[in-house]
Amino acid sequence: MPYIPHDAAETAAMLAAVGIQRLDQLFDEIPAALQAADMALPEGLSEMALQRELEHRALDNAPLRCFAGAGAYAHHIPAIVWDIASRGEFYSAYTPYQPEASQGTLQVLYEYQSFITRLTGLEVSNASLYDGASGLAEACLMALRIQGGEPAILVPEHLLPSWRRVLDSMLGLQRIRLRSVPYDPDTGTLRLPGDAGGAAALIIPQINGFGVLEAVDALTDWAHAHGLLAIAVVNPLALALLKAPGEWGARGADMAVGEGQPLGIPLTGGGPYFGFLACRKAHVRQLPGRLVAKTVDGQGREGFCLTLQAREQHIRRGKATSNICTNQGLMVTAATIHMAALGGHGLRRTALTCHQRASRLRKHLAALPEVRLPYAGPFFHEFVLRLPRPASAVRDALLGHGILAGVPLADSGLGEAGDLLVCATELLEEADLRAYRDALAAVLETV
Amino acid sequence: MPYIPHDAAETAAMLAAVGIQRLDQLFDEIPAALQAADMALPEGLSEMALQRELEHRALDNAPLRCFAGAGAYAHHIPAIVWDIASRGEFYSAYTPYQPEASQGTLQVLYEYQSFITRLTGLEVSNASLYDGASGLAEACLMALRIQGGEPAILVPEHLLPSWRRVLDSMLGLQRIRLRSVPYDPDTGTLRLPGDAGGAAALIIPQINGFGVLEAVDALTDWAHAHGLLAIAVVNPLALALLKAPGEWGARGADMAVGEGQPLGIPLTGGGPYFGFLACRKAHVRQLPGRLVAKTVDGQGREGFCLTLQAREQHIRRGKATSNICTNQGLMVTAATIHMAALGGHGLRRTALTCHQRASRLRKHLAALPEVRLPYAGPFFHEFVLRLPRPASAVRDALLGHGILAGVPLADSGLGEAGDLLVCATELLEEADLRAYRDALAAVLETV
Amino acid sequence: MSDSIFDHDHHFPAADDPADIPAHLLRQTPLDLPNPAELEVLRHYTRLSQKNFSIDTQFYPLGSCTMKYNPRIAHAMAVLPGFARLHPDTPAPAMQGLLRVLWELQEWLAAVTGMAAVSLTPAAGAQGELAGVAMIRAYHAARGDQGRRKMLIPTAAHGTNPASARMAGFEVVEIPSLADGDLDMEALDRHLGADVAGIMLTNPSTLGVFERRIAEIAGHVHAAGGLLYYDGANLNAILGRVQPGRMGFDVMHLNLHKTFATPHGGGGPGAGAVAVQERLRPFLPLPTVTREAEGAWRWTSEADLPRSIGRLSAHGGNIGVLLRAHAYLRRLGRAGVGRVSVYAALNANYLLKELQRVGYQAAFPERRASHEFILGVSDLQQATGIRALDVAKRLLDFGIHAPTIYFPQLVPECLLIEPTETESKATLDRFVAVMARIRQEALEQPELLRAAPHHLPVGRLDEALAARRLDVAAVR
Amino acid sequence: MSDSIFDHDHHFPAADDPADIPAHLLRQTPLDLPNPAELEVLRHYTRLSQKNFSIDTQFYPLGSCTMKYNPRIAHAMAVLPGFARLHPDTPAPAMQGLLRVLWELQEWLAAVTGMAAVSLTPAAGAQGELAGVAMIRAYHAARGDQGRRKMLIPTAAHGTNPASARMAGFEVVEIPSLADGDLDMEALDRHLGADVAGIMLTNPSTLGVFERRIAEIAGHVHAAGGLLYYDGANLNAILGRVQPGRMGFDVMHLNLHKTFATPHGGGGPGAGAVAVQERLRPFLPLPTVTREAEGAWRWTSEADLPRSIGRLSAHGGNIGVLLRAHAYLRRLGRAGVGRVSVYAALNANYLLKELQRVGYQAAFPERRASHEFILGVSDLQQATGIRALDVAKRLLDFGIHAPTIYFPQLVPECLLIEPTETESKATLDRFVAVMARIRQEALEQPELLRAAPHHLPVGRLDEALAARRLDVAAVR
Ligand SMILES: Cc1ncc(COP(=O)(O)O)c(C=O)c1O
Ligand SMILES: Cc1ncc(COP(=O)(O)O)c(C=O)c1O
């Protein structure tokens, strides 16, 4: 019996101890009418047959050179990262509610919080949210709790559309108004609205949905001048290179939130990733999610434990800062090891390499006839290509060349039909960039 | 600097402590003429580039359905086996010379020894030799130490040729005579020689180089009647089904040796595998290789340590039972976990499945026109197919069908040109067997 | 001699800033992260891992959490490069293998729950709850039934239930339980009305007993125009035997990281798939996977489900977790799934009897345990002042994880114990022996328990100090 | 409550015997192996693993063993299915990827050693030695130079050297070393003659110092018609800086599991590739990999090397280990390889100086340490009876593996210490602090050391009892 250790003799002895004869009797309090439905499940497989079947399924996904980004990025993950994170002691542990039996996980989370505060330049980080997009929704709710007043948030129109949809679903439930702030079609950057309209916060995406860098200092200062909180949406790898949210403008952003996936998390078709959320210490009691603190035991030995649990649902129930319980612990463990393995310098070198590769690719592609770059401003490792044909058709045609060319923006209602959001990371060598250019040239001639 | 942790400040401080200025001075006792050769090595690669290159190399090996055996077998290895064996604490530990710091490895080895004694029906097992073939050479040397007298061994002509070659190289160095004992070409089994000619031992391969089962009881009794030791050469998986060497004949074989690879070791193009060697307790002082025993500490707590080290080269030097030092510890760790994971019943079920698959395949193939089965006797999971064309040509042609058809025997001087040694294990499903048959039929029409 | 990589501070030359990014957009102060060598990282985190309890190393009778074996083959399959390297924006034709796996999982979860349709996207149980109650809300709204602002929730329910209901814009009304563990039907009937959107239940309840009058409850709620939400956290108790859909539930989530053996990972990730009856299908969260007539698979979008409650994550959910759940289900098959609840119940009832035998008091001695059960140690507290917390901490000394304590809050000084089906009788017997010993210690040497644990890397930690100091990040 | 899976005895029905195998060939008594559930196996062996010291968790200053970091990427690459699932009898056209890797490794090892040709087949250092001295034998035999039956070996040599020489049919003659660590040239000259086949040396020697007169030694041995064998176990000391081929050696082995960072695995597997000068090439063990003119790779066989000493294993050697060594070399490249010996020597010399500073006595205080060095604690033994063994056992209590002790046997009460290049200054400094403390303990509380270790799963084990009882397998 897979994963069940009982043999017949043991089962019999246990039934006898319980005082029943048959296993069925264990369910004698359940009305018979509810029991023993026949379920349309396939027969079980041996481990060997299962492996064969799933290896086949895995092969049914085409291996592609990845030039897609839009919130999920192909990076090199050092071998040690998942070798360690997959150790049973991390992999199969529960949430560290018993701190004495969970010092491994707890110290990792404390280090994670420390790393995130240093990346973001803010004082406090929680121990993870589900992903970047739902994390942003949580950040908005947090801003509303801090600010009180009218439930409205200023959202840039060129936030990644996939994130915007999550805000719509989650914040819509609480009747929170999302006021769109338009972008300048010439620069692909945010156009400041005339007034704040009583909103609680401004979302400042650095990098935005076009890959273009925003004037974050001015935006942050504008938000503060209008009594708004500034919520920074950031790529954590880019932060090795770009200004930390805590340093934006005169006073710094109030929160920084983002998708943690670039920090050592495999793409896996979209998840599990993790959301990070950092804030000022003054706001820590409004922070959703778990938080680890350093403390001591009776003998004065240092140790770690969860803290401020009164914010959470298992204590505060309906009045908690969020309903989140299980979050993304193992992803955060991997991200912590990943950050340590690369180190501060390695993260910076990786970020720089991504930028250089993307810059070269952009040059290569822009040199093709008919291909335009709609936005000229500085960027990190993603940029928009304006093609003379529908971007999704071009993308599909490039699959035949083993290339995932990028993410068509118009599919999700942003930009023009020919706009393709293209990304390059350190994984792509010069030969890959050229292969993309050549394939695109060929495809544009035929599609 | 890959894998070197020193930064410039640390290096400087360490040089100062040593009392020198430059790193070069560390080598000032080495004659200058010998130093600083320019070596023809490539530039180093980042981990990322290394991974890309080696993944490409791995893809340059064609994935094939494996019907080859001849001493190395494709089996399913439960996922937990290498997940555990690859844990750093096993993977990166040294030989357990410090028992208090090595109880993990030592207990595993003790369990391994226990499992092997139960599989072989003999009392003592060492903790591994390099592989089956060199293990057989060690067993021969051991037999000669026990028997004294004339240095000669009786070796069946139809021992796997690859093993015979190892005996030739290793035993030839000590001028030991290997007397070939012929096989009966009608049955593919050993023909007993008239006399023992003063040899020390008879090698009894169960299964032999044709995959045929031998009359091990009679052979063992014959050896003993002629004053020879009986050395059993066995497949450990087959022992879940076949008579244990300790039960052969009236007194049982004296030693059992074999290739451990079927017990959870990946094929990896030929190694690392491991050799096992079991014997009677009376002969333990002539056993080569490491041996683990249970003992107690000062407080009476049970523990494990290496024992009878006076047999080994690090104590006895030139007079040791063998020169072996580093052996195959990690493979044995995996094999132990593999045996535990399958359990006695799982091993038996696997052995039975192999036998059934091979039986079906044999029927399928024998039904093809022109294909003959030269040997009719019982077999485990390997058999000879006599083809109407050179077996190696047929094998090469089947590669194009994604099939590794078997091992041509004549290439290594055994049997006839058309003889192909074919194996089927539990990994092959009915569809695979049919695919082989169909492909062979097609190939025989064209080759 | 500390274990922290924060002790290392290596100074490598930093690479130059890129010229094409204006200086004011670049990092102003160097990134202050450690730069340890690879071996230092490996050693540091390997050692840290050894300080954890985990399923792979300890018995974990943690009620409500279903800490069962996480098959390693499921992990191996989920990290195959063909899955792991797949970008979420890969067009469907290039990811048929993954889509098919997800679609199969949807089908199988529908079969197991007796529901009509499934969306796999929620990231954990709580997000599943949010999606579920949001669907209830959308359902009423779609019918123009606007006044239903209240969500009924038993007092004993998990904290995420009320928190999720609030996040979906509901008011929460708590319903008490009776002394025998069943819901107080009278209280329920008192609250039912035109302002009630539905009720969130789990069955067996968090009290470790089956809600026997579930059909009646469903009848009353439905009659009052409300819907029933099933919190699937306790599904292990009835897996393969009772379908929530047949109990009258309209919508539910499943904790794949509980019932379907995906790992907890020290706090996630989980997966909280939602399953619904036909009438809620239009409201499912996006995306789901659908099979085209021609036998190809694709994601659904807003065009397919225009009345969907929307999206909960930027992509398709915690796919790596879903892959593991798929592998687990495929391995078990119909027969294996049916065995889960049988042996989970056998282990729980055996353990309950044995622990009663050595002197512990059951909260519901007259009831059959489900997959878990509650003990109360108020007797110990009265005798020696020993609390559930002390028993829990002392268990750690024996290499056994503590049960859930002080939840549900109804039973004073309670221990909620869930052995799961993957533990052997030998392990349970050892647990009983240890619990017997601890009981004796409690009576004879209570100070030993109060100071426990004694054999772990740290002793009982000062949690008040932690909250006061709030040292939540290493500052240089 | 034992940790052993031997406690479990589950009785599943055994499958039927096959009808087509005669009963007398079948197992007579059921196979008496345990049948634990998967979680029990996982838990048992995971817990066992935690009882080990290892490089991934501890500092391992184990002289002569080169316990350096084993890069995990090398492991990941070696277990790629494209390698791991390759049957050894796959025809060359279907395994070009592997053959190319092996061929590259041969080339690189030839470059590193300054030799003409390499065979990768030996399974470990000792088998490499056997192959090496067998080639020396074959060389003399091929020249008709028959009387060379003796192999000269320094007294300080590793035990495998004389054992391998014996297995190759040689008589062993031991040559002493001088007080400064160099070989006794006069003794050497006394023994050289027409009956000497060669000498086996390692340089730096097992005394942790470089044999300065190596050129002279080579001259004398060659002049006497003998060949020089280099035991490559100490290659880490000179990697990328001095080529054994240029020192005058004719043949050598490399311990890839030392110098090239493949893991020791708790006792193997290793790989003991052999490298030779041109004149020994015809005798190399089979198989090697050769590159055809057309750029394809294949195995060599008896037809290519008819005078080969033959085969040492049924297949091509410990290929999985070779893959790891290849990955390591490819990662390091020329510059990285050169750094290995530099930092290995820096760490050793730094540690030697620091340990002298805290009171320990160097065996060769006037000499530069190579990658390792010897301390003697005879002064402690005289003062308090404390022996090298006690110091070693006490180190374990601090989470540091013991150095090699009582080897080489020349220096009484010796510790042979090798830090390797992959350890940080912080780790070395901690080691020095612990060693200083142990020295103090030795003088003030010698009984503490004699009873050490105190903090491990077991205390000092009774090895005499182990040999007497000889309980080497669990019997029911
Ligand atoms: C009864 C019950 N409901 C809901 C949940 C919430 O699930 P999750 O932690 O996955 O969000 C839990 C998990 O702890 C639970 O035990
Ligand atoms: C100096 C020396 N020579 C030879 C060997 C033998 O190598 P192996 O253990 O790989 O057989 C060793 C290993 O311990 C050694 O240290």
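Owing to the predicted nature of the structure, the values given are computational and were not obtained by experimental measurement. Side chains included, hydrogens not; waters and symmetry mates left out as well; all remaining heavy atoms used. Numbers restart at 1 for each chain; the letters A, B, ... are given by sequence-line order, proteins then strands.
For the residue pair E10(A) / Y350(C), no side-chain donor-acceptor distance below 3.5 Å is found, with atom types taken as modelled. For E247(A) and T29(C), the side-chain atoms include at least one donor-acceptor pair closer than 3.5 Å. No side-chain donor-acceptor contact under 3.5 Å links N318(C) and Y273(A). A donor-acceptor contact closer than 3.5 angstrom links the side chains of T105(A) and N52(C).
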Item to complete: Start with the C-alpha gap between E47(A) and R331(C), add the side-chain angles, then the distance that decides, and say whether salt bridge (charged side-chain N to carboxylate O under 4.0 Å, His left out) holds.
Response: CA-CA 7 Å; E47(A) 181 181 301; R331(C) 173 92 173 86; 5.1 Å; no
Worksheet item: side chain to side chain donor-acceptor pair (under 3.5 Å) between H355(A) and D20(C): does it pass, once the steps are laid out?
Response: CA-CA 10 Å; H355(A) 177 66; D20(C) 54 354; 2.7 Å; yes
Item to complete: Output, in order, the C-alpha distance, side-chain angles, deciding distance and verdict of salt bridge (charged side-chain N to carboxylate O under 4.0 Å, His left out) for R100(C) and D60(A).
Response: CA-CA 10 Å; R100(C) 175 168 179 185; D60(A) 280 346; 5.8 Å; no
Practice prompt. Show the numbers, then the answer: is there a side chain to side chain contact (heavy atoms under 4.5 Å, CB included) between H44(C) and Q107(A)?
Written response: CA-CA 11 Å; H44(C) 174 69; Q107(A) 183 169 339; 3.6 Å; yes
Fill in: Audit row: R330(C), E53(A), salt bridge (charged side-chain N to carboxylate O under 4.0 Å, His left out) steps and yes/no
CA-CA 10 Å; R330(C) 187 81 179 101; E53(A) 181 169 301; 2.7 Å; yes
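The backbone N or O of T160(C) lies less than 3.5 Å from a partner atom in the side chain of Q313(A), making a donor-acceptor pair. Of the possible polar contacts, none joining the R334(C) side chain to the P42(A) backbone as a donor-acceptor pair under 3.5 Å is found. Distance alone, capped at 3.5 Å, places no donor-acceptor pair between the R339(C) side chain and the I4(A) backbone. Between the T326(A) side chain and the G268(C) main chain, no donor and acceptor come within less than 3.5 Å of each other. Checked by atom type and distance alone, the side chain of Q328(A) never pairs as donor or acceptor with a backbone atom of P269(C) at under 3.5 Å. Checking side-chain atoms of S169(A) against main-chain N and O of G310(C) turns up no donor-acceptor pair under 3.5 Å. Here the side chain of Q174(A) pairs a donor or acceptor atom with the backbone of M167(C) at under 3.5 angstrom.
Annotation: side chain of H75(C) is in contact with side chain of S86(A) (closest heavy-atom distance under 4.5 Å). A heavy-atom distance below 4.5 Å is not found between the side chains of E463(C) and T295(A). Using a 4.5 Å heavy-atom cutoff, the side chains of L31(C) and R348(A) are not in contact. For the pair Y45(C) and T336(A), the minimum side-chain heavy-atom distance is below 4.5 Å.
Aromatic pair Y91(A)/H264(C): ring centres not closer than 6.0 Å. The aromatic ring centroids of H6(A) and Y343(C) lie less than 6.0 Å from each other.
In terms of heavy-atom pairs under 4.5 Å with chain C, the best-connected choice from P378(A), G270(A), G343(A), A133(A) is G270(A).
For F304(A), the part lying near chain C is the backbone, with the side chain staying farther off; criterion is any non-hydrogen pair under 4.5 Å. For E312(A), no part lies under 4.5 angstrom from a heavy atom of chain C. Of the atoms belonging to T307(A), it is side-chain heavy atoms, and not backbone ones, that fall under 4.5 Å from chain C. For chain C, the nearby parts of V296(A) are the backbone and the side chain; heavy atoms of each come within less than 4.5 Å. Using a 4.5 Å cut-off between heavy atoms, V284(A) contacts chain C through its side chain alone, with no backbone atom that close. A74(A) does not touch chain C: none of its heavy atoms, backbone or side chain, sits under 4.5 Å away. Contact annotation for D83(A): neither backbone nor side-chain heavy atoms come within less than 4.5 Å of a heavy atom of chain C. With a threshold of 4.5 angstrom between heavy atoms, R316(A) does not approach chain C through any atom at all.
Using a cutoff of 4.0 Å between basic side-chain nitrogens and carboxylate oxygens, K393(C) and E100(A) are scored as salt-bridged.
Between the CD atom in Q96(C) and the CZ atom in R57(A) there is a gap of 11.0 Å [rounded to 0.5 Å].
Cation-pi geometry between R241(C) and F27(A) is met: under 6.0 angstrom from the ring centre, within 45 degrees of the axis.
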